[in-house]
Undergrad: 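This is the structure, below, for whatever I ask next.
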There are 2 protein chains.
Amino acid sequence: MKKASRSGDNRGVLMNDVARRANVSPMTVSRALSNPDMVSEKTRAKILEAIEQTGYVPNRLAGSLASNRSNTIGIILPSLKNSLFAETIQAASDVLSKKGYLLLIADSGHLLEEEEKLVEAFLGQRVGGMILHNTLHSERTMAMISNAGIPVVETGDLLAEPMDMSVSYSNFEASKAMTAFLVKKGYKRIGFVAMLTENNNRARLRRDGYLAALDELGIKVDGSLMIEASSSLEAGRDALTRLLQIETKPDAVFFAGDIMAAGAAFECKHRNIKIPEDIAIASFDDLAILQHMTPSITSLQIPRVAIGHEAAEIIISRIEGRETSVVTKDLGFKITQRQST
Amino acid sequence: MKKASRSGDNRGVLMNDVARRANVSPMTVSRALSNPDMVSEKTRAKILEAIEQTGYVPNRLAGSLASNRSNTIGIILPSLKNSLFAETIQAASDVLSKKGYLLLIADSGHLLEEEEKLVEAFLGQRVGGMILHNTLHSERTMAMISNAGIPVVETGDLLAEPMDMSVSYSNFEASKAMTAFLVKKGYKRIGFVAMLTENNNRARLRRDGYLAALDELGIKVDGSLMIEASSSLEAGRDALTRLLQIETKPDAVFFAGDIMAAGAAFECKHRNIKIPEDIAIASFDDLAILQHMTPSITSLQIPRVAIGHEAAEIIISRIEGRETSVVTKDLGFKITQRQST
DNA sequence: AAAGCTTATGATAGCGGTAACATTTTGTCA
DNA sequence: TGACAAAATGTTACCGCTATCATAAGCTTT
């Protein structure tokens, strides 16, 4: 269409154009935008009018470059497929956009090296801070982050020694608590369905919590009651099916991963197995469907929204210079007993 | 901690440092990174080594500013709360990150003025392209976009006259098809639960599709069979309850919004209403749970993944200069008949 | 009304890269 | 082997904005 010559390109309205129109220097325009109080009311009005008239949109790349400040925050999740992170993202996004920050999002597909690449890309983009859901990182990832000196929050699990900051709940404690809850309810053979543990520390911690609870309560662990499954309805159905095939069936199953419990419940209905009479079911997460199902399903409420919220808040605090002594913030969890146990 | 003086600040390793270490000019380093073939193999090796040693991470803000090219794409959704967009986001993200683009994400909360602000913020960030799910925009939004001259894809509905490009399916046709399907199945009084139509063109189009089908098939519309509800399980249950209270009850209900049908199915189970004997249920979306429920629920399959995929592809094509003649791409839909009808 | 402040605005020099053009090195062929 | 094109590298200016310091304008104060 148009010649692509450097000088000829219309790159749009510049701060300079606004300045000329308002009869001030570009610097004053800059101030009017980022430090309104440093500019007299009259001048500000002139400038705003000029902006309006010209349709000027400040170039934040240039701004960030010059000021060495950025208004983007990066978030890396292990996956976007599951809706699970939706609430967290939304919460973070709410807080951030309210304060004028933009959210860069990416998923690592549970791969450490992919996370590494993404961290590098985000740092290249000079994000002001990062939220990482995974708590397991490559050496280089950690080196790059510590080198960058930006605030970073890890949200996947409560960390005693985070790279920088940790905002979460304890997967171990949560899992342990639910297991103990089931034991106290009188269940004797409690099955455990873990998420895939490869590269997923949360999955391991949940499994460890289950084991710790049994151990503490003096119950012998039966390996055949423990299996792994991916996070999906199908996997949940599958897992249930498998557990029903072992010699001495479980009287309760604790699904320590996303939406698997719902899948299992569907499978029970399908097979006409009564919950909780024939088998009790408990879930780690607390998706809306779990409480709407018949019977409703006992589950652990994870502070998804709070995590997004707090992570964003804490990063902003740090970016804006408030010294946050907080390094680790435990947002807790809650067990909601429902009809399934 | 440290003095915050401009010169004193350690802003990290610069291209210059790498250049010196590799005994070349910065420009050669730049080329080695963005146009490897323009640099001799030997030099490239030296440079890569220097980069490795120094841990240099190119500043893309500076790069984008100088080259007037950006590696970020923005996506604005009406909401992140529902998981609904997860698949689309993931699909887009996959394509984009594979090609080295980063995804900026934000939600407008179904508000046109919020969308406007976000578009401005994205343009300020000089995104290379944008994906907008909403198809209704403020005047200024459209002005800004046309002015920016970047590729923009609207994905919420198939548009005859998109601002720039449209990648989607026809909400109207889909809704009409499902309604016709129910009619053909022999249902006489088909209830319709719409999403909230305010600021939501898709909601209106779906309603219009329902009306058009009835009209075409010579069925009189009964206003009492049409209600609006927000997108949630609760709202679905509620809607069903309301429809069961009218004098002449519907024998089928078409839920034209996200997850409402699942809510309705739960409510039926709760009230011991048989599906499809007492009432048939059809859903607009096709979430995994719908096919796992008992009975499984007839629904419309929306090309969520394809939309994200294609939208991203087409934007990249345009950014990279390939002239895409495509303006509107219809990805279609599919009705999956299940036990509920 | 001049001195002494505070407040508002301007001039200048980068931020860290890349485009465009200039120059050097290398390779090729008569 | 000299001439010349192609390939590799360097030089310079500038992308659009902001930090910093300098200057001008407004306000007290006595």
Side-chain angles (χ1 to χ4, degrees), chain A residues 3-20 22-47 50-51 54-71 123-126 128 148, chain B residues 3-20 22-47 50-51 54-71 123-126 128 148:
Chain A
K3 277 276 176 52
S5 91
R6 182 133 188 173
S7 50
D9 248 355
N10 173 22
R11 291 213 197 174
V13 184
L14 306 186
M15 188 174 271
N16 222 326
D17 305 329
V18 174
R20 213 170 314 136
N23 247 306
V24 294
S25 76
M27 196 57 230
T28 303
V29 176
S30 172
R31 278 193 275 252
L33 289 171
S34 49
N35 271 76
D37 328 308
M38 289 186 66
V39 171
S40 80
E41 207 164 324
K42 236 170 52 184
T43 321
R44 206 187 318 150
K46 266 194 308 185
I47 292 174
I51 289 177
T54 53
Y56 170 65
V57 179
N59 185 331
R60 306 207 118 277
L61 297 181
S64 296
L65 179 61
S67 66
N68 199 25
R69 266 182 272 110
S70 140
N71 62 147
L123 292 179
Q125 209 62 228
R126 294 300 187 266
Chain B
K3 274 276 177 53
S5 92
R6 185 134 188 174
S7 49
D9 250 357
N10 172 20
R11 291 211 198 177
V13 184
L14 305 188
M15 186 174 272
N16 222 327
D17 304 330
V18 175
R20 212 171 314 139
N23 248 303
V24 295
S25 77
M27 195 58 230
T28 303
V29 176
S30 172
R31 278 194 276 253
L33 289 170
S34 47
N35 271 77
D37 329 310
M38 291 187 64
V39 171
S40 80
E41 208 165 323
K42 235 171 53 183
T43 321
R44 206 187 318 150
K46 267 194 307 183
I47 291 175
I51 289 177
T54 53
Y56 169 65
V57 178
N59 184 331
R60 306 207 117 276
L61 297 181
S64 296
L65 179 61
S67 66
N68 201 23
R69 266 184 272 107
S70 142
N71 64 146
L123 292 179
Q125 210 62 226
R126 294 301 186 265

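Per chain, numbering begins at 1; letters A, B, ... match sequence-line order.
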Undergrad: Over how many whole Å does the gap from B:Asn16 atom CG to D:dG10 atom C1' extend?
TA: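 The distance from CG of B:Asn16 to C1' of D:dG10 comes to 13 Å, rounded to the nearest Å.
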Undergrad: Starting from P on C:dT9, measure out to CZ on A:Arg44 and report it in whole angstrom.
TA: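 A:Arg44 atom CZ is separated from C:dT9 atom P by 10 Å.
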Undergrad: Write down the distance between CZ (B:Arg60) and P (C:dG17), rounded to a whole number of angstrom.
TA: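 Computing the B:Arg60:CZ to C:dG17:P distance gives 10 Å.
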Undergrad: Does A:Arg69 have a side-chain nitrogen or oxygen under 4.0 Å from the phosphate oxygens OP1 or OP2 of D:dC17?
TA: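 Result: no.
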Undergrad: Side chain of B:Arg31 only, please: which of D:dG10, D:dT18, C:dT9 is the nearest?
TA: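 Taking heavy atoms from C-beta onward, the closest nucleotide is D:dG10.
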Undergrad: Under 4.0 Å from OP1 or OP2 of C:dT9: is there any side-chain N or O of A:Ser40 that close?
TA: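 Indeed, a polar side-chain atom of A:Ser40 lies that close.
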Undergrad: Starting at atom CG of A:Asn35, determine the distance to atom C1' of C:dT7, rounded to an integer number of angstrom.
TA: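 Spelled out: CG on A:Asn35 to C1' on C:dT7 is 14 Å.
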Undergrad: Mind calculating the distance between CG (A:Leu123) and C1' (C:dG17) to the nearest angstrom?
TA: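 Those two atoms, CG and C1', are 17 Å apart.
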Undergrad: Answer yes or no: are there more than 12 heavy-atom neighbours, outside A:Arg44 itself, under 6.0 Å from its atom CZ?
TA: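 Check passes, neighbour count above 12.
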Undergrad: Could you tell me if B:Asn71 and A:Gln125 have a donor-acceptor pair between their side chains, going purely by distance under 3.5 Å?
TA: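 Note: A:Gln125 and B:Asn71 side chains meet the donor-acceptor criterion.
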Undergrad: Among the nucleotides C:dG14, D:dG10, C:dT18, which one has an atom lying closest to any side-chain atom of A:Ala66?
TA: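 Of C:dG14, D:dG10, C:dT18, C:dG14 is nearest to the side chain of A:Ala66.
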Undergrad: Nearest whole angstrom, please: distance from the P of C:dA20 to the CE of B:Met38.
TA: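 That distance rounds to 12 Å.
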Undergrad: As a test of reading the structure: which of C:dT18, C:dG16, C:dA19 is closest to the side chain of B:Ser30, going by heavy atoms?
TA: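 So the nucleotide nearest the side chain must be C:dT18.
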Undergrad: Supply the atom-to-atom distance A:Arg60 CZ to A:Ser67 OG, rounded to the nearest 0.5 angstrom.
TA: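 Taking CZ in A:Arg60 and OG in A:Ser67, the distance rounds to 8.0 Å.
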Undergrad: For A:Ser34 and for B:Pro26, locate the closest nucleotide of DNA chain D by heavy-atom distance; then report the residue assigned to the nucleotide nearer the 5' terminus.
TA: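 Taking each residue's closest nucleotide, the earlier one in sequence belongs to B:Pro26.
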Undergrad: Please lay out, stage by stage, how A:Ile47 and A:Tyr56 fare under the test side-chain contact (heavy atoms from CB on, under 4.5 Å).
TA: CA-CA 11 Å; A:Ile47 292 174; A:Tyr56 170 65; over 6 Å; no
Undergrad: Can you give me the closest heavy-atom contact between B:Ala19 and B:Ser25, atom names plus distance?
TA: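 Result for this residue pair: CB-C, 3.7 Å.
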Undergrad: Given A:Thr28 and A:Met38, is the side-chain contact (heavy atoms from CB on, under 4.5 Å) satisfied, shown in steps?
TA: CA-CA 9 Å; A:Thr28 303; A:Met38 289 186 66; over 6 Å; no
Undergrad: Taking the side chain of A:Thr43 as heavy atoms from C-beta outward, which of D:dG16, C:dA8, C:dG17 is closest to it?
TA: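 Output: C:dA8.
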Undergrad: Taking only side-chain nitrogens and oxygens of A:Ser67, does any of them come within less than 4.0 Å of OP1 or OP2 of C:dC15?
TA: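 Answer is no, no contact under 4.0 Å.
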Undergrad: From the list C:dT9, D:dG16, D:dT9, which nucleotide is the closest neighbour of the side chain of A:Ala62?
TA: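 So the nucleotide nearest the side chain must be D:dG16.
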Undergrad: Please state how far atom CG in B:Asn23 lies from atom C1' in D:dG10, giving the value in whole angstrom units.
TA: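 So the CG-C1' distance, B:Asn23 to D:dG10, works out to 13 Å.
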Undergrad: As a test of reading the structure: which of D:dC17, C:dG10, C:dT18 is closest to the side chain of A:Thr28, going by heavy atoms?
TA: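 So the nucleotide nearest the side chain must be C:dG10.
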Undergrad: Taking the side chain of B:Leu14 as its heavy atoms from C-beta onward, which of C:dT18, D:dT18, C:dG16 lies nearest to it?
TA: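 Looking only at side-chain atoms, B:Leu14 lies closest to C:dG16.
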Undergrad: So which nucleotide from C:dT9, C:dA11, D:dT9 ends up closest to the side chain of A:Met27?
TA: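 Among C:dT9, C:dA11, D:dT9, the one nearest the side chain of A:Met27 is C:dA11.
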Undergrad: For the pair made of NZ in B:Lys46 and P in D:dG10, what is the distance, rounded to whole Å?
TA: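 In whole Å, D:dG10 P lies 8 Å from B:Lys46 NZ.
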Undergrad: Taking the side chain of B:Ser25 as its heavy atoms from C-beta onward, which of D:dG16, D:dG10, D:dC17 lies nearest to it?
TA: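 Of the candidates, D:dG10 comes closest.
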